[in-house]
Amino acid sequence: MYFCTLEIIYIRYIMSLLDLSEQEILRRESLKELRAMGIEPYPAAEYVVTGYSTDLKNNFKDDAPQQEVSIAGRLMTRRVMGKASFAEIQDSKGRIQVYISRDDLCPGENKDMYNTVFKRLLDIGDFIGVKGYVFRTQMGEISVHVSELTVLSKSLKPLPIVKYKDGVAYDKFDDPELRYRQRYVDLVVNDGIKSTFEKRATIIRTLRNTLDEAGYTEVETPTLQSIAGGASARPFITHFNALDQDMYMRIATELYLKRLIVGGFEGVYEIGKNFRNEGMDRTHNPEFTCMELYVQYKDYNWMMSFTEKLLEKICIAVNGCAESKMGDNVISFKAPFRRLPILEAIKEKTGYDLDGKSEEEIREVCKALKMEIDDTMGKGKLIDEIFGEFCEGTFIQPTFITDYPVEMSPLTKMHRSKPGLTERFELMVNGKELANAYSELNDPIDQEERFKEQMRLADKGDDEAMIIDQDFLRALQYGMPPTSGIGIGIDRLVMLMTGQTTIQEVLLFPQMKPEKKTPKDADAKFLALGIPADWIPLVQKAGYNLVADMKEVKPQKFHQDICGVNKKYKVGLENPSVDQVTEWLGKIE
RNA sequence: GACUCAGUAGCUCAGCUGGUAGAGCAACAGACUCUUAAUCUGUGGGUCCAGGGUUCGAUCCCCUGCUGGGUCACCA
């Protein structure tokens with residue numbers, strides 16, 4: 001069964017109308033009307049702008065000679081008062097009011113541009129360009145007096161209307177679900193969203209500039225890996241057809257960057273995405289941005305002072321000072337930061353001194369602290385749990401927590417003087433880990449042993465233990481200079497620098513569950529029952545998206561439902577008889 | 001995964017022991033040449049998330065499910 005093109009076009013036309021809201025249909029009609037008037041709603045030509053909203057407002061001087069300008073943007077509000085109107089145009093920098101008087105826009109006899117185009121066919125959300133001069137209204141608002149208006153792009157879907165008065169937002173568009181899914185709308189209608197992402201760009205630019213000036217090389221390493229190493233996390237698995245083998249999305253850049261230090265770079269860094277197949281919440285997104293840096297001949301002490309200077313510089317670049325507000329907390333990134341060994345931190349917060357204690361003794365401490373633990377946890381994991389439970393959240397001001405136990409640091413060099421501990425620090429800010437760094441382990445034999453220990457943990461049931469990377473070991477065997485490395489979570493850094501409390505606010509497109517689409521049976525299934533093609537969209541509009549949905553319904557009710565749609569949406573089809581409908585429904589198996 | 005709250009017009013939200021729905025904005029028609037959440041008059045617009053149950057009658061009560069928010073757990 002097939003139909004001619006015209007029928008298909010007609011069905012699509014009905015379907016499109018049935019799926020649209022009244023306002024969307026009206027906007028489409030306005031679009032047609034514009035074309036009928038000879039106005040192209042989506043013109044191809046460049047529209048030359050000579051200024052931007054906020055610049056015009058900031059640079060305006062009442063006593064300066066009149067300034068002709070040309071600006072473009074989205075029409076965001078409209079206040080029509082008969083023969084004169086005010087509107088606000090939103091461009092990339094902000095908003096400015098424009099004043100349109102009928103007789104200035106249309107000096108001749110034909111007033112269509114004002115009466116028809118501006119007042120009736122344009123809608124909020126449309127892009128327009130205007131030419132005119134800048135002036136100050138009686139109410140004191142700097143505005144553009146419009147002499148020429150160009151339609152640049154018609155908007156077919158109505159934007160949520162958010163209005164502001166005295167800093168209070170009315171009818172706010174603040175449902176997180178909608179804001180993240182339709183970030184483009186969020187950026188258009190909500191104040192301050194764009195600036196968060198501009199700050200994010202500033203942070204990354206400052207970071208990159210600082211590392212470049214220090215003489216380090218920006219590199220890119222594989223995202224698709226056959227062994228996902230360098231961190232403890234579950235990876236995403238994907239499939240490479242050409243080799244018919246599974247691959248992993250990287251969970252860290254560490255092992256590749258260290259190979260490059262073996263290869264002779266002074267310093268290498270990468271700013272890129274890592275992927276971890278774990279939960280999603282206000283501080284975790286499955287893909288997130290990390291910066292990792294490795295510098296030869298350095299140690300973790302050097303890295304601490306490098307890091308605090310780096311962060312202070314970034315904070316000043318973003319906020320103009322070395323402080324950032326997080327809710328009620330003011331965080332100072334003024335270097336230097338406090339340094340505190342992890343066992344001292346635990347002693348400080350819990351009163352238990354774990355120095356020199358065995359795994360069994362620590363297990364007892366955990367029980368005394370009423371913690372939930374299990375047998376798969378080794379000594380390192382236990383200490384980590386105690387720290388996470390009682391200490392981590394308490395470090396609001398930037399604090400370097402140093403000298404972690406070897407069990408939880410398989411890629412870290414042993415401490416130069418403290419047995420059982422490693423030369424590692426984590427930087428805690430606002431109660432969360434922001435960075436993780438070490439004096440890198442460069443003893444290939446020790447490294448192999450550490451990997452084997454990880455394998456034993458994996459055998460015990462730790463599904464995050466690291467997998468042994470033979471090629472990385474081979475690289476180390478050629479010799480790696482003493483090296484210090486660090487990883488900084490960029491998303492969390494942006495949160496701290498911009499005062500945001502959820503990671504979704506600093507990611508343009510945070511991971512969301514896929515949008516659910518109502519399943520619909522193919523047209524052929526409806527045609528098979530004898531339902532005419534024209535009627536299929538109406539049947540589906542009435543709520544019968546699947547043939548199975550019609551199975552139980554009484555013919556009378558079904559008849560009423562579909563004829564109701566026909567009438568309500570003025571589709572204009574001839575209604576079937578109840579007998580015909582009964583016949584269709586009778587064919588359902 | 002647990003708990004909890006929510007789902008009503010294009011948007012933000014009301015809706016009383018249970019009697020099939022309202023406001024503001026947006027839209028449409030009209031008035032208005034310096035307004036600014038413009039104002040004034042009028043109009044249209046709803047699968048009250050879905051499916052069961054109780055009831056003469058359910059947006060409301062009960063059950064189940066779906067979707068989402070929040071909190072917690074998991075997750076360096």
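Small disclaimer: the values here were computed from a predicted structure and weren't measured. Order of the sequence lines fixes the chain letters, A, B, ..., with proteins taken first and strands second; residue numbering starts at 1 for each chain.
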Engineer: Should the pair A/Lys154-A/Asp123 be classified as a salt bridge under the 4.0 Å nitrogen-to-oxygen rule?
Structural biologist: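 So A/Lys154 pairs with A/Asp123 through a salt bridge.
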
Engineer: Sticking with atom P, work out how far B/rU36 lies from B/rU4, rounded to a whole angstrom.
Structural biologist: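 After rounding to an integer number of Å, I get 49 Å for this pair.
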
Engineer: Hey, is the side chain of A/Arg79 poking within less than 4.0 Å of OP1 or OP2 on B/rU35, counting only N and O atoms?
Structural biologist: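 No, because none of the side-chain N or O atoms of A/Arg79 sits under 4.0 Å from OP1 or OP2 of B/rU35.
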
Engineer: Find the partner of B/rU33: check Watson-Crick (N1-N3 plus N6-O4 or O6-N4) and G-U wobble (N1-O2, O6-N3) distances, both under 3.5 Å, and reply none if neither fits.
Structural biologist: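 Per the H-bond distance test, none.
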
Engineer: Looking at B/rA21, which nucleotide sits across from it as a Watson-Crick or G-U wobble partner, both distances under 3.5 angstrom, or is there none?
Structural biologist: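 B/rA21 is unpaired by these criteria.
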
Engineer: Determine the contact category for A/Tyr164: base if any of its heavy atoms lies under 4.0 Å from a base atom, sugar-phosphate if only primed atoms, P, OP1 or OP2 are that close, otherwise nothing.
Structural biologist: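 Sugar-phosphate contact only - A/Tyr164 comes under 4.0 Å of backbone atoms but never of a base.
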
Engineer: Looking only at heavy atoms, what is the nearest atom pair of A/Gln447 and A/Leu441, with distance?
Structural biologist: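 For A/Gln447 versus A/Leu441, the nearest heavy atoms are OE1-CD2, 3.5 Å.
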
Engineer: Hey, can you tell me if A/Phe387 and A/Tyr404 have their rings parallel, tilted or perpendicular (30° and 60° cut-offs)?
Structural biologist: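 The arrangement is perpendicular - the two ring planes meet at more than 60°.
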
Engineer: Tell me whether the guanidinium CZ or amine NZ of A/Lys413 lies under 6.0 angstrom from the six-membered ring centre of A/Tyr300 and within 45° of its axis.
Structural biologist: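 No - A/Lys413 does not lie over the ring of A/Tyr300 by the 6.0 Å and 45° rule.
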
Engineer: Expressed as a whole number of Å, how far does the C1' atom of B/rU54 sit from that of B/rG45?
Structural biologist: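 33 Å, rounded to whole Å.
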
Engineer: Are a donor atom and an acceptor atom from the side chains of A/Ser147 and A/Tyr133 found within less than 3.5 Å of each other?
Structural biologist: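 Per modelled atom types, A/Ser147 and A/Tyr133 side chains form no pair under 3.5 Å.
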
Engineer: Counting side-chain heavy atoms from CB outward, which of B/rA26, B/rU35, B/rG68 is closest to A/Asp175?
Structural biologist: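 The closest nucleotide is B/rG68.
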
Engineer: What's the CD-P distance between A/Glu24 and B/rC28, to the nearest Å?
Structural biologist: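 Answer to the nearest Å: 14 Å.
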
Engineer: Check the distance between B/rG69's C1' and A/Glu505's CD and give it to me in whole angstrom.
Structural biologist: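 Nearest whole value for this atom pair: 13 Å.
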
Engineer: When we call it a touch if two heavy atoms are under 4.0 Å apart, what does A/Arg78 touch: a base, just sugar-phosphate, or nothing?
Structural biologist: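 Sugar-phosphate only.
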
Engineer: After noting the C-alpha distance and the side-chain angles of A/Arg183 and A/Asp186, does the key distance pass the salt bridge (charged side-chain N to carboxylate O under 4.0 Å, His left out) rule?
Structural biologist: CA-CA 5 Å; A/Arg183 181 67 91 180; A/Asp186 189 31; 2.8 Å; yes

Engineer: So what does A/Arg424 touch, heavy atoms closer than 4.0 Å: a base, only the sugar-phosphate, or nothing?
Structural biologist: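 It contacts base atoms.
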
Engineer: Does a nitrogen or oxygen in the side chain of A/Lys165 sit under 4.0 Å from OP1 or OP2 of B/rA37?
Structural biologist: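 For A/Lys165, the contact criterion (side-chain N or O under 4.0 Å from OP1 or OP2 of B/rA37) is met.
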
Engineer: How would you label the contact of A/Val80 with the nucleic acid (heavy atoms, under 4.0 Å): base, sugar-phosphate, or nothing?
Structural biologist: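 Answer is base: heavy atoms of A/Val80 come under 4.0 Å of a base.
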
Engineer: Could you work out which one of B/rA26, B/rC13, B/rC28 sits closest to the side chain of A/Asp174?
Structural biologist: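 Nearest nucleotide to the side chain: B/rC13.
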
Engineer: B/rA37 P sits how many Å from A/Ile124 CD1, rounded?
Structural biologist: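 Computing the A/Ile124:CD1 to B/rA37:P distance gives 14 Å.
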
Engineer: In the strands shown, is B/rA9 matched to any nucleotide by a Watson-Crick or G-U wobble pair with both distances under 3.5 Å, and which?
Structural biologist: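 B/rA9 is paired with nothing.
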
Engineer: In residues 94-104 of chain A, what residues come within less than 4.0 Å of RNA chain B, judged by heavy atoms?
Structural biologist: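 By residue number: A/Gln97, A/Tyr99, A/Ser101, A/Asp103.
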
Engineer: On a whole-Å scale, what distance lies between the P atoms belonging to B/rG46 and B/rC62?
Structural biologist: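 One P to the other, the span is 29 Å.
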
Engineer: Applying a 3.5 Å limit to both distances, which nucleotide forms a Watson-Crick or G-U wobble pair with B/rC28?
Structural biologist: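 Here B/rC28 is engaged in a pair, and the nucleotide opposite it is B/rG42.
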
Engineer: Are A/Lys258 and A/Glu440 ion-paired here, with the side-chain N under 4.0 Å from a carboxylate O?
Structural biologist: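 Looking at A/Glu440 together with A/Lys258, the answer is yes, because their closest N to O distance falls below 4.0 Å.
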
Engineer: Charged N to carboxylate O under 4.0 angstrom, A/Glu344 versus A/Lys349?
Structural biologist: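 No, A/Glu344 and A/Lys349 are not salt-bridged.
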
Engineer: For A/Lys157 and B/rA27, what is the distance between atoms NZ and C1' respectively, to the nearest whole Å?
Structural biologist: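 The distance from NZ of A/Lys157 to C1' of B/rA27 comes to 15 Å, rounded to the nearest Å.
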
Engineer: By the 4.0 Å heavy-atom rule, please label A/Phe135 as base, sugar-phosphate, or nothing.
Structural biologist: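 Here A/Phe135 touches the bases of the nucleic acid.
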
Engineer: Could you tell me if A/Lys163 sits above the aromatic ring of A/Tyr170, with its cationic atom closer than 6.0 Å to the ring centre and no more than 45 degrees from the axis?
Structural biologist: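 Negative - A/Lys163 is either too far from the ring of A/Tyr170 or too far off its axis.
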
Engineer: Give none if B/rC61 has no partner; otherwise give the nucleotide forming a Watson-Crick or G-U wobble pair with it, both distances under 3.5 Å.
Structural biologist: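 With both distances under 3.5 Å, B/rC61 matches B/rG53.
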
Engineer: Within the modelled atom types, does a donor on one side and an acceptor on the other bring the side chain of A/Asp171 and the base of B/rG24 under 3.5 Å apart?
Structural biologist: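 It does, because a donor-acceptor pair links the side chain of A/Asp171 to the base of B/rG24 below 3.5 Å.
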
Engineer: Quantified in whole Å, what is the C1' atom distance between nucleotide B/rC56 and nucleotide B/rA37?
Structural biologist: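 These two C1' atoms come out 47 Å apart once rounded.
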
Engineer: Looking at A/Arg95, is its backbone amide N or carbonyl O close enough to the side chain of A/Gln90 to form a donor-acceptor pair, meaning the two atoms are under 3.5 Å apart?
Structural biologist: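 Judged by distance alone, no pair lies under 3.5 Å.
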
Engineer: Below 3.5 Å between N/O atoms, which protein atoms pair up with nucleotides 71-73 of chain B? Just atom names and distances, please.
Structural biologist:
from: B/rU71; atom 1: OP1; to: A/Arg282; atom 2: NH2; distance (Å): 2.8
from: B/rU71; atom 1: OP2; to: A/Arg282; atom 2: NE; distance (Å): 3.4
from: B/rU71; atom 1: OP2; to: A/Arg282; atom 2: NH2; distance (Å): 3.4

Engineer: Is any side-chain nitrogen or oxygen of A/Lys83 closer than 4.0 Å to OP1 or OP2 of B/rA31?
Structural biologist: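 For B/rA31, OP1/OP2 do not have a side-chain N/O of A/Lys83 under 4.0 Å.
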
Engineer: Give me the distance, rounded to whole Å, that separates B/rU8 from B/rC60 when you measure between the C1' atoms they each carry.
Structural biologist: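 To the nearest whole Å, 12 Å.
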
Engineer: Looking only at side-chain N and O atoms, does A/Arg179 come under 4.0 Å of OP1 or OP2 in B/rG69?
Structural biologist: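 Result: no.
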
Engineer: Among B/rG69, B/rC25, B/rU36, which nucleotide has an atom closest to any side-chain atom of A/Lys163?
Structural biologist: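 It is B/rC25.
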
Engineer: Heavy atoms from C-beta onward define the side chain here; which of B/rC34, B/rG69, B/rG68 lies closest to that of A/Arg181?
Structural biologist: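 So the nucleotide nearest the side chain must be B/rG68.
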
Engineer: For a quick check, tell me whether the side chain of A/Glu22 and the base of B/rG44 share a donor-acceptor pair closer than 3.5 Å.
Structural biologist: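 Checked by distance alone, the answer is yes.
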
Engineer: Can you tell me, in whole Å, how much space there is between the P of B/rC13 and that of B/rG69?
Structural biologist: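 That atom pair is separated by 15 Å.
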
Engineer: Now, which nucleotide makes the Watson-Crick or G-U wobble pair with B/rG70, with each of the two distances under 3.5 Å?
Structural biologist: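 Paired with B/rC3.
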
Engineer: Looking only at side-chain atoms of A/Leu26, point me to the closest of B/rC25, B/rC28, B/rU35.
Structural biologist: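 Taking heavy atoms from C-beta onward, the closest nucleotide is B/rC28.
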
Engineer: Determine the interatomic distance between C1' on B/rA6 and the same-named atom on B/rG15; round to the nearest Å.
Structural biologist: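 After rounding to an integer number of Å, I get 16 Å for this pair.
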
Engineer: On a whole-Å scale, what distance lies between the P atoms belonging to B/rG7 and B/rC61?
Structural biologist: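 Each nucleotide's P atom is 11 Å from the other's.
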
Engineer: Atom CG of A/Leu178 to atom P of B/rG10: distance rounded to whole Å?
Structural biologist: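 Those two atoms, CG and P, are 14 Å apart.
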
Engineer: Got a salt bridge between A/Arg424 and A/Glu426, using NZ or NE/NH1/NH2 to carboxylate O under 4.0 Å?
Structural biologist: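 Answer for the salt bridge query: yes.
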
